Amino acid sequence: RYERTLSDRLFWYAGAGWDRNTFAGIDNRYSFAGGVGHVWFDNEISALRTDYASTLTVQDNVVATDGNDTFAGFRASWTYRRQLADNTRFDSSLIADENLSELGDFRIDTVNSVSVSMNERLALKVGLRLLYDNEPSLEGLALRLPDGTPAGQTVLVPLDELDSIFTVALVVNF
C-alpha cells in the first residue's frame, strides 16, 4: 500500500494484495485498490481513519466454477486505535468489499485486538478476526450411495459464510 497526503485530513492511496485461504475455497486472490481516505482524528489517545476505493479482484478457487472470477468492486474500510491505559491498547479494522458484477457477492474482513505491554520490549496481544463471505466458494464432495459405496459423482456445496480466527501473540519490540 502506498499513501500520499493531500491535506491534514485527506489522503489518496494505491495498493495490491495476495491472499490464499484454501479452507475457505480460495487458491489465489489478487486484489488491486485505489482510492481516497479521511483522517477523522489522530491523537495520543485515539485515532480513526476511513477510506474508499475502487478495486479489481482476480480469484482462483480451489474448486473451479463457471462464474466470473475477475471483477471490479468498491471497498470501504476503517482503522481505529484507542489507548485504554498506559500499557493497554485496543485496535480495530474493518474492510467491506462489494463485487460490482454480482451485487449479492460482498465480503467483510474485521480484526479486533487488545495488546498489553508487559515491559518496554514485550507485549501480549489477543485478537479475533472474522471473515464473512456472502457468496462463499464451493467445495466438491464425493456422492455416495446409501450403503456407502462411491457413486462416481461430485456434488458442489457452498462452504461456510463466516470464518473466525482467534490469535494470541507475544510481541517483541525493538
Side-chain angles (χ1 to χ4, degrees), residues 1-43 45-84 89-115 125-139 156-169 171:
R1 179 169 165 143
Y2 174 78
E3 283 187 20
R4 188 76 179 180
T5 302
L6 296 172
S7 71
D8 288 345
R9 296 200 178 268
L10 296 175
F11 61 92
W12 68 268
Y13 76 97
W18 171 77
D19 188 25
R20 172 175 283 163
N21 187 346
T22 55
F23 298 111
I26 300 159
D27 196 29
N28 292 295
R29 180 187 290 153
Y30 305 95
S31 59
F32 307 92
V36 296
H38 185 264
V39 178
W40 295 92
F41 51 87
D42 189 357
N43 54 51
I45 296 174
S46 59
L48 175 64
R49 296 167 46 124
T50 57
D51 56 63
Y52 317 93
S54 297
T55 63
L56 177 66
T57 302
V58 179
Q59 181 170 309
D60 301 322
N61 293 314
V62 173
V63 175
T65 61
D66 294 336
N68 184 3
D69 293 334
T70 300
F71 52 88
F74 176 76
R75 175 180 294 177
S77 65
W78 81 55
T79 57
Y80 176 72
R81 169 188 50 82
R82 173 80 180 178
Q83 195 71 32
L84 301 175
R89 186 172 110 175
F90 172 75
D91 289 287
S92 178
S93 68
L94 179 132
I95 299 170
D97 215 342
E98 175 67 53
N99 177 345
L100 295 178
S101 298
E102 296 179 37
L103 294 180
D105 183 16
F106 62 93
R107 300 183 307 270
I108 297 173
D109 181 354
T110 182
V111 179
N112 294 291
S113 63
V114 174
S115 56
K125 185 174 185 177
V126 178
L128 177 64
R129 181 177 187 187
L130 300 174
L131 297 165
Y132 177 80
D133 191 343
N134 193 50
E135 290 185 5
S137 296
L138 301 174
E139 174 182 28
L156 298 179
V157 179
L159 292 164
D160 290 338
E161 292 178 347
L162 181 66
D163 294 327
S164 58
I165 303 163
F166 178 74
T167 59
V168 177
V171 180

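The structure displayed is predicted, hence computed values, not measured ones. The figures that follow rest on heavy atoms only: side chains count, while hydrogens, waters and symmetry mates do not.
- In this structure, Asn28 and Arg20 have side chains that are in contact, with non-hydrogen atoms separated by less than 4.5 Å.
- When every heavy atom of Ala33 is checked against every heavy atom of Thr55, the shortest pair comes out as CB-CG2, 3.9 Å.
- Counting non-hydrogen atoms of other residues, nucleotides and ligands closer than 6.0 Å to CZ of Arg1 gives a total above 12.
- The two residues Asp163 and Ala24 come nearest to each other via the heavy atoms OD2-CB, 3.7 Å.
- For the atom pair Leu130 CG and Leu162 CG, the distance stands at 5.5 Å (nearest 0.5 Å).
- No more than 12 heavy-atom neighbours from other residues, nucleotides or ligands sit within 6.0 angstrom of CG on Asp8.
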Q. Yes or no on side chain to side chain contact (heavy atoms under 4.5 Å, CB included) for Tyr132 and Thr110, after CA distance, side-chain angles and deciding distance?
A. CA-CA 9 Å; Tyr132 177 80; Thr110 182; over 6 Å; no
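- Of all heavy-atom pairs between Ser77 and Asp51, the closest is OG-OD1, 2.5 Å.
- To the nearest 0.5 angstrom, Ser137 atom OG is 11.0 Å from Leu156 atom CG.
- Inter-residue side-chain proximity for Ile45 and Arg82 is flagged as met; some heavy-atom pair is nearer than 4.5 Å.
- Put simply, the side chain of Leu131 does not reach to within 4.5 Å of the side chain of Arg107, judged on heavy atoms.
- The line from CG of Leu84 to CZ of Arg89 is 10.0 Å long, rounded to the nearest 0.5 Å.
- Just one residue in the list Thr50, Leu94, Leu48, Asp91 forms a side-chain contact (heavy atoms from CB on, under 4.5 Å) with Tyr80, and that residue is Leu48.
- Under a 3.5 Å cut-off, the side chain of Asn134 and the backbone N or O of Gly104 do form a donor-acceptor pair.
- Residues Asp97 and Phe74 share a closest heavy-atom pair of OD1-O, 3.4 Å.
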Q: Apply side chain to side chain contact (heavy atoms under 4.5 Å, CB included) to Val126 and Phe166, showing your working.
A: CA-CA 8 Å; Val126 178; Phe166 178 74; 3.5 Å; yes
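- When atom types are taken as modelled, the side chain of Asn61 and the backbone of Ala64 share no donor-acceptor pair closer than 3.5 angstrom.
- Arg4 places no side-chain N or O within 3.5 Å of a backbone atom of Phe11 that could act as its donor or acceptor partner.
- Of the possible donor and acceptor atoms, none in the side chain of Thr22 sits under 3.5 Å from a partner among the backbone N and O of Asp27.
- When side chains are defined from C-beta on, Asp105 counts as touching Asp133, because their heavy atoms get closer than 4.5 Å.
- If you run salt bridge (Lys or Arg N to Asp or Glu O under 4.0 Å) between Asp109 and each of Arg29, Arg129, Arg75, only Arg129 comes through.
- In this structure, the side chains of Tyr30 and Leu56 stay at 4.5 Å or more apart for every pair of heavy atoms.
- For the atom pair Ile108 CD1 and Glu98 CD, the distance stands at 10.0 Å (nearest 0.5 Å).
- Side-chain atoms of Arg81 and Thr79, non-hydrogen and from C-beta on, never get closer than 4.5 Å to each other.
- Between Ile26 and Gln59, the closest side-chain pair of non-hydrogen atoms falls below 4.5 Å.
- The number of heavy-atom neighbours closer than 6.0 Å to CZ of Phe23, taken from other residues, nucleotides and ligands shown, is 12 or below.
- Shortest non-hydrogen contact noted between Pro158 and Pro136 is CB-CG, 4.2 Å.
- The CZ atom of Phe32 sits 13.0 Å away from atom CH2 of Trp18, with the distance rounded to the nearest 0.5 Å.
- Crowding of Trp78 atom CH2: a count of heavy atoms from other residues, nucleotides or ligands under 6.0 Å not exceeding 12.
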